[in-house]
Amino acid sequence: MNYNTTVLLIIIPILSSFLVYMPVGLIKKSFKIIFLATILFNLLFSLKIFSVVLKYGNLITIIGNYHPPFGINLVSSFFSILFLIALYIVFLISAIIFIFKNDTKNNQQKISSVLLLYLASFSEIILTGDLFNLFVFFEIFSISNIIIISLKNEKFSLKGSIKYLLISSIGSALLLFAIGYIYAILGTLNLAEIALNFEKISFFSKCFIIFFLMGSILSELEVFPFNLWISDSYAGAKNFVNILLSGISCVVSLYIFIRMFFTIFNYPSISLYSYNFPLDIKLLLLTFFSLSIIVNQLVALTSKNIKRILAFSSAATISTILFALTSGTKSGFSSAILLIISTIISKPLLFLSSHQITKGKMEKNLDSFKNGINRKRYFSILFIVSAIFFTGFPLTPAFFGKLMLFYTYASKLNYYTYFIIVIIFSITVEFFYYFRMIHKLFIKDETERENKNIKNNLSISYFVSGLTMISILIIFFIFPNIYEKVITKMSEEIFNQKEYIQTILKLGEK
Amino acid sequence: MELYSTKKLKDEGFEQILNFFRKKSLWMLHYCTGCGAVELPPTMTSRWDMERFGMGPMATPRQADLLLITGYLSLKSLKRVIYTYEQMQNPKWVIALGSCPINGGIYYDSYSVINRLALYIPVDLSIEGCMPRPEAIIEGFIKLMKQIENGEAVGYKKYQENYKWYKQNQDSVLKREFPVLSGEEK
Amino acid sequence: MMNNYIVRFLIGSLTSIILGLLYMGIGRKFIARIRRCYAGPFYQSFIDVIKLFSKHSISHHWIMDFGIMMGFSGIIATVIFLPIGNFYVFPDMKGNLIIIMYFMTIGYLGMAMGVSASGNPNSPIGIGRALALMIGYEIPFALAVILLIFANGSSLLYNIIQTQQGSIYNWNLLKYPFAFIGTIIALQGMLGEQPFDAMIAPAEIASGPMVELSGKFLGFGFLQHASQIFLETGIITAMFLGGGTIIGFFTKQLFLYLLTLSIASVFPRFRFEDGVKFFWTIPTSFVLFQLILFLIKR
Amino acid sequence: MIDNRILYIFSTILFLIGIFGAITNKNLIKILVSISVVETASNIFLVSIGYIKNSKPPILDANMGKISVSNLNISDPLPHALVLTAIVIGVGTTAVGIGLCIRLFQYYRTLNINRMGDKDEL
Amino acid sequence: MIIGLLFYGIILSFLALFVRKKYNFLRWIIFSFYIFLTLFLTITIGKDSTYFETFNLISILNFDLSLNFRITPLGWLFTLFTTLLLFLTSIFSIVKNKNEDAERLINFFWFILIISNTGLFLADDLFTLFIFWELIGISSYFVISPGWVSSFRAVNYYFIFSIICSFFMFSGIMILYEGTGTFSIQKNVLYFISLFENSPLNAIFVAISLIIGFFVKSALFPFHIWPAQAHAKAPDDFSSVLSGIIIKYGLYRTILFFIPLFLFIKEYPVNHIMVNNIPLFSHILAWSGAITSIIATFLAIESNDMKKLAAYSTVANMGYITTALFSLSSFGIAGAIFHTINHAIFKTAIFLSIAAVKYRTHETQMHKLGGMAYKMPVTFLTFLLAIISAAGIPPLNGYVSKWMIYQGLLSSKFPFLTLAIFLSSTGAFMYLFRALHSIFLGQLPEKFDNVKEVPFLMQIPMYILMFLMVSIGIFPQFVINLINSVLTSYNISNINIKNSMIFSPLSGIDSVKVFLAFTGSFILAFILYLIGKPRKHVQPLDTYTAGQDPADFNLTRELYHFAYKFYGPFEHMFDSFRTDTKEFYDSIERKINEIGGYFRDFQSGSIRGTIYTFMLSFVLIIIYWWLL
């Protein structure tokens with residue numbers, strides 16, 4: 001069904017990001033209101049679109065009256081809109097933290113414009129139906145990522161942002177090569193049309209496209225050989241940036257991966273027949289992702305800095321999600337979604353509470369967690385609850401994710417079942433270092449004589465955002481069948497590629 | 001020196017019968033001080049065979065009936081002898097070998113040797129001779145056995161009766177402030 | 001039925017004590033003869049026991065009295081289950097081997113507890129050595145027991161004896177000679193005779209556990225040792241020499257005891273860990289060899 | 001189409017040169033320059049896609065006359081548009097890169113990567 | 001009604017959390033009241049196995065996850081004796097935790113442990129079993145490192161082992177679930193048996209995944225180090241629960257799962273390798289039990305800390321139980337279950353008396369203690385009876401189960417297994433006496449002169465335990481009837497018993513007559529004791545010291561206590577082949593840290609590294625694709 005107004009989701013943030021940046025007196029005072037207004041608008045509008053999607057199914061917005069196969073058009077399906085809403089909520093929370101933190105007044109204006117740009121780029125990525133459009137906004141997304149990371153302007157953040165810049169620019173070059181190649185062969189850039197006749201192209205070009213596309217996305221997906229930028233950027237970035245990074249940028253790249261693999265390459269039944277034997281893409285991906293799970297978990301186990309531990313544990317979870325996706329079955333997909341949900345919920349909270357607990361301390365390593373329960377009781381409880389949610393205590397979404405994961409690999413995947421041992425290893429290591437952190441909270445710190453007098457200035461913004469996140473967690477714990485309907489609907493939509501193509505192209509011809 | 005006549009302390013009645021068994025199995029703890037110790041191995045082994053009379057060497061005072069002092073006693077070893085004597089159980093007897101325990105023997109004028117053992121612990125039988133030969137020792141044993149049988153070997157009762165006197169003599173020699181003895185009379 | 005058991009009980013326990021003391025007396029004369037001297041009369045042990053009970057004694061704590069009594073009663077309770085000739089105290093439980101093996105440990109535990117409550121350091125050292133030795137000689141003995149149980153399909157001494165009735169040829173001694181040799185060496189350790197008497201070494205640790213036992217406690221020690229001799233020799237006669245009628249049973253026991261004494265009077269004393277090493281190597285290999293032969297034949 | 005194959009080979013060579021430059025250089029600015037070389041390589045590849053043998057450049061001017069499908073002999077305009085945006089993005093990334101280089105120089109007083117990456121305790 | 005009990009427990013646990021520090025005994029009273037309630041309910045429900053109860057949590061993505069409970073005779077028996085012992089320990093801990101510093105958290109997690117304990121034993125399907133298994137793992141971890149104050153290293157082995165085993169079990173369950181479609185145990189066991197035929201590879205994977213849990217939880221050979229480590233740090237009263245009950249969960253689950261399997265194979269040995277008519281796999285397990293008991297015995301002989309000694313003796317007893325269990329004879333299995341119960345009883349007695357000693361003297365090293373019997377007679381008596389029954393000496397309960405184990409092993413013709421068990425049980429007598437001597441007898445050090453007996457509330461559990469040991473020892477028929485009901489539920493032939501006379505294929509014992517024999521001979525000894533002349537009490541230091549008066553050389557009573565290297569020369573015998581498994585696990589941990597460190601430094605490398613690795617890995621993927 002044709003629904004043109006979704007484009008507002010992207011236009012409004014870009015407009016307000018320029019607006020906010022202008023040094024005019026009026027705006028200098030009221031830029032905060034504009035900033036929050038655009039975020040709230042986006043959230044509410046996407047909820048409205050969601051209600052429409054529920055009624056009519058996939059919505060297509062045609063820009064400039066160029067019907068789908070030709071112009072740039074946005075596709076808002078059930079799967080993408082829900083992702084968008086979740087990301088908007090996380091973005092809202094981090095924005096609240098950013099706005100009400102009362103330091104460095106001056107460049108807050110500049111940062112809010114970058115954040116709005118960030119908002120526009122990731123909403124476009126999720127909604128777009130055109131490959132080049134995806135590339136453009138993917139680039140804007142990574143540029144704004146780089147800027148956010150480098151905000152703190154000290155050693156780690158600068159090094160992290162430079163590393164990220166180098167990798168993402170090479171990635172974009174590879175992506176350009178891939179897009180060029182696709183355009184050269186298929187003559188079109190519309191995702192639906194590519195998906196339609198992706199089967200026909202030769203084996204070599206298929207491999208070329210897959211590898212070059214993966215080359216660019218994997219660096220975002222924090223898979224082992226490509227995630228060299230995590231350790232410095234997460235350690236250096238500001239607190240609300242960490243929430244953004246862990247909550248949104250990973251999930252967006254996951255979305256791209258799912259969209260690419262499942263709808264365009266039609267992953268489970270992809271047929272890669274070279275001259276004499278089929279390329280077992282599943283085995284390739286499985287070995288690749290399990291290697292990255294093991295390495296990420298090991299680095300998380302052995303690193304001392306709290307932020308780095310959480311960063312690498314989120315990287316490991318993402319590789320586990322990819323591990324689940326490569327199984328290609330419905331239950332694998334639903335376990336991936338469950339794990340994504342648990343990451344979106346609990347990861348930002350982990351970063352927030354760990355930042356608060358180690359607020360007074362110079363170096364933010366494990367020992368700064370000592371005696372946390374007495375110093376910052378509220379945030380330590382937050383940390384414990386979110387850690388338990390993240391590691392998958394029974395009846396939490398992560399637990400059901402793992403349940404499904406075990407189920408997928410237990411079923412008839414002949415010798416793939418033995419990859420389960422990688423998962424067991426990663427779960428054990430994860431339990432170990434999370435419970436080590438929880439354990440440290442309770443150890444009495446001898447060196448804490450002097451700063452008895454630090455005022456426990458509980459900033460309201462942190463308190464409120466912590467409260468909201470905790471309430472979301474509790475809701476998801478008590479009513480687990482919220483996400484049951486969501487998952488079944490999502491997996492249906494993702495797994496039938498034809499229905500996606502029909503809605504876009506058919507509408508186009510009419 | 002006989003403080004009390006042995007007749008008063010003589011064993012009567014049931015003890016009389018037990019004495020027969022005590023006589024037949026005398027277990028000996030020989031406190032080898034001085035030159036007499038070398039006489040004992042021949043008495044114990046096959047040449048003079050002490051075992052015929054049911055006598056055998058015992059390792060600890062708790063198990064022994066008979067304390068054999070085999071030579072002169074210096075002050076230091078006197079303290080040990082008294083301590084060991086106290087640890088032995090009634091009925092117990094003491095045999096002193098050689099002349100030194102009787103009157104100090106050839107060391108009568110030495111600063112450290114005690115001249116008369118009987119002052120400190122009740123000696124039932126003394127076997128003279130500047131180290132009596134095994135025959136004399138066996139002879140002494142038989143004499144002691146006869147004494148036990150008709151209930152006269154009552155040194156241990158004498159020790160109990162006038163313990164203060166003995167204690168006084170011991171303190172005069174050993175001059176130790178804190179008491180040597182175990183908590184018996186406390 | 002009740003008094004019948006009491007009478008049987010008394011018969012069983014008193015025979016063991018009296019005969020045990022008798023064997024000790026004869027044994028002392030036997031050793032004296034080896035040393036070319038004439039030890040006291042054969043009833044010398046009776047005199048010693050009566051003398052000991054007539055002496056006063058000391059005890060450090062009521063646990064010491066309780067322990068010594070428990071030790072003695074443990075051995076007596078084990079003898080109850082031993083088939084004396086063809087007389088059984090409990091007719092329906094005819095000498096269960098496993099019960100006997102475990103009841104012996106009560107004797108050791110009681111004596112050990114009483115003696116270690118005496119406070120003298122020599123006694124726990126002795127007990128430590130005794131227990132370490134116990135783990136040594138239990139292995140060959142257990143192997144022999146397992147062998148016999150496998151052979152006769154029942155762990156009742158009654159059945160073992162039944163299979164050995166008839167002529168001398170079907171004694172277990174001849175059927176399983178190696179097992180017999182291993183068990184005889186184990187018997188040496190069980191009785192605590194010379195090569196393995198590191199636990200009551202008078203020279204080193206002043207007669208080990210019996211350091212503080214005076215008067216009647218030493219008497220209990222004596223009686224316990226006596227009934228222990230009766231018990232262990234009785235088990236081995238039942239197992240290997242086919243315990244015959246009353247008289248035959250006692251003569252076989254005496255023969256076994258004198259055999260151990262003859263070994264004892266010739267050998268110097270083992271250090272107890274060398275003793276354990278010895279037990280785990282030579283007698284065990286004998287019995288093991290016999291067991292393997294048996295398993296192959298079956 | 002034959003000669004645009006030469007362009008493909010040329011863009012891959014350019015790509016490899018750019019990568020080689022990025023890897024071996026010590027100075028950060030040089031690395032950024034080689035990164036932009038990589039960007040241009042991909043742009044060239046993109047442009048060469050639209051080449052049609054002896055076709056006119058797709059510029060609408062007076063003498064083109066009415067366009068009709070039959071006599072349309074112009075090269076494919078779409079890649080050209082794409083390249084435009086790609087170049088702009090390349091500029092954007094390099095600009096941010098230069099900004100970061102300044103910031104790093106202020107911090108480290110040098111632009112030589114080796115001296116920058118001291119093995120700090122993680 | 002079970003679910004009502006569990007929820008009520010959760011509410012109470014939170015209630016107990018908020019009781020203020022001042023009246024913390026109130027918190028522990030709530031705690032013991034709840035256990036009494038569970039005990040009362042288990043007894044009243046009785047063992048009719050028709051009682052079924054379900055509580056569905058969620059049905060999500062074609063999984064209907066529900067906690068359902070059923071009273072099986074085995075489950076009921078285990079719940080009965082574990083809750084009874086937990087109740088006794090809770091009475092003990094009311095007094096003990098009066099001034100413990102982190103007792104609020106200990107209480108909370110101990111509460112969760114008890115809830116999951118009943119849940120685990122009454123669980124009917126594998127999912128509930130797993131949920132409570134996980135809860136137990138987590139809560140017992142949090143209680144062992146007491147209130148999380150002491151160092152984390154103490155329990156990390158236990159923690160890692162239990163997580164590995166719980167998730168291996170999870171994957172095993174999933175494979176079975178995928179096969180059968182339900183979590184119920186009966187169906188899965190049947191499917192598991194059929195799995196051996198059609199896909200042996202999967203079956204072996206599932207078997208290993210379930211067996212690892214058993215190996216870890218009951219501390220068998222490769223994993224036998226965690227009890228000693230955990231006990232040294234655990235709060236004293238909890239260590240009695242830890243070694244009395246928590247170590248039995250692995251066993252319970254194996255009886256549930258593997259015994260039907262092996263018995264089935266025993267009847268129809270179609271294409272399995274059979275070693276003297278039991279499956280090879282159960283033979284290996286039996287041998288692993290034997291090896292563990294021998295190793296643990298020799299480790300216990302060496303250990304100088306009394307709690308470590310008791311921990312190693314628990315591991316040794318678990319070794320007996322596994323050997324007996326996997327000899328698959330009716331007497332073996334019955335003996336194993338009976339020994340589990342007896343072991344729980346006398347081990348709790350040992351640990352409670354050790355806790356009482358520690359409560360008074362705050363000292364666990366055995367050579368620093370001594371002579372406690374003269375000051376704490378009740379604790380001494382409990383310890384003595386516990387030792388007698390632990391060493392398997394006749395009148396008490398340890399003997400009956402050991403005798404049954406021997407009958408089982410001998411009747412199914414295992415000569416060398418019996419020898420191994422016999423060696424470790426004689427070894428058990430060695431280290432148990434050492435503990436008795438060095439803690440309770442010998443000389444009382446001066447500094448413990450004013451040690452008093454533990455308060456009366458702590459003595460109650462000791463009296464009850466003593467009564468239990470003696471009564472089960474003399475009249476074992478009550479417990480054996482319960483075990484018979486368990487055996488019938490697994491259609492194994494029952495043990496025929498005629499009021500305390502147990503008949504086995506090899507021989508029969510009548511424990512009443514055994515007791516009579518012992519008392520008779522004790523009376524005889526007492527009469528002899530009265531004949532002799534009355535004895536005289538003497539001071540402890542008045543001993544034969546070769547004439548040397550201790551006061552002269554200011555030798556204190558402490559120096560006279562010989563306990564430090566009790567079996568020193570005996571230990572030197574094993575110096576040549578002494579391997580320390582703890583050293584092995586430490587080296588693994590160091591290796592992992594090293595690899596992690598390497599990757600971590602790799603991450604923090606210079607900026608150049610990034611592009612280099614990017615391109616390198618990109619090329620590598622292509623090569624890898626090319627090779628594939």
Side-chain angles (χ1 to χ4, degrees), chain A residues 70 114 131-133 135-140 142-147 149-150 153-185 187-189 212 231-232 235 299 302-305 307-309 312 363 365, chain D residues 1 4 8 11-12 14-15 18-19 22-23 28 31-32 34-51 76 78-79 81-83 85-108 111 113 116-118 120-122:
Chain A
F70 302 104
V114 171
L131 193 59
F132 191 76
N133 199 322
F135 162 72
V136 168
F137 278 90
F138 183 67
E139 275 316 304
I140 298 172
S142 52
I143 292 171
S144 40
N145 251 333
I146 294 163
I147 296 165
I149 292 172
S150 67
N153 194 350
E154 49 91 27
K155 186 166 77 161
F156 281 130
S157 66
L158 289 175
K159 266 177 68 181
S161 48
I162 272 286
K163 281 188 195 170
Y164 189 33
L165 178 112
L166 295 178
I167 290 186
S168 67
S169 50
I170 293 178
S172 70
L174 292 178
L175 197 56
L176 263 182
F177 269 104
I179 290 165
Y181 196 85
I182 289 175
Y183 185 71
I185 294 179
T188 161
L189 279 175
F212 273 73
S231 67
D232 286 349
V299 174
T302 47
S303 53
K304 299 271 181 301
N305 184 324
K307 286 206 163 79
R308 217 164 249 127
I309 293 178
F312 278 105
E363 81 294 347
N365 58 17
Chain D
M1 288 295 268
N4 73 7
Y8 295 156
S11 61
T12 37
L14 206 62
F15 179 78
I19 293 293
I23 289 171
L28 206 54
I31 292 174
L32 284 178
S34 43
I35 293 288
S36 57
V37 162
V38 164
E39 294 284 332
T40 44
S42 56
N43 294 347
I44 289 164
F45 173 75
L46 211 57
V47 167
S48 64
I49 296 291
Y51 169 76
D76 182 351
L78 191 72
L82 299 185
V83 160
T85 34
I87 292 166
V88 163
I89 290 163
V91 161
T93 19
T94 345
V96 168
I98 301 292
L100 285 178
C101 285
I102 298 163
R103 193 61 85 216
L104 269 169
F105 182 77
Q106 281 165 2
Y107 191 85
Y108 278 106
L111 273 177
I113 305 176
M116 231 186 269
D118 45 6
D120 40 48
E121 205 279 322
L122 272 171

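The shown structure was predicted, so the numbers you read here are calculated from the model rather than taken from an experiment. Below, all heavy atoms of this structure are taken into account, side chains as well, without hydrogens, waters or symmetry copies.
Annotation: the span from L158(A) atom CG to K163(A) atom NZ amounts to 12.0 Å, rounded to 0.5 Å. Taking CZ of F177(A) as the reference point, atom CG of N43(D) lies at 9.5 Å (rounded to 0.5 Å).
Looking at L189(A), the atoms closer than 4.5 Å to chain D (heavy atoms on both sides) all sit in the side chain, from C-beta outward. Both the backbone and the side chain of L82(D) come within less than 4.5 Å of a heavy atom of chain A. Neither the backbone nor the side chain of S168(A) comes within less than 4.5 Å of any heavy atom in chain D.
Note on I147(A), I143(A), I140(A): by heavy-atom pairs under 4.5 Å with chain D, the leading option is I143(A).
Ring centroid separation for the pair F135(A) and F132(A) comes in under the 6.0 Å cut-off.
Note on ring orientation: taking the six-membered ring where Trp is involved, the planes of F45(D) and Y8(D) are tilted (angle from 30° to 60°).
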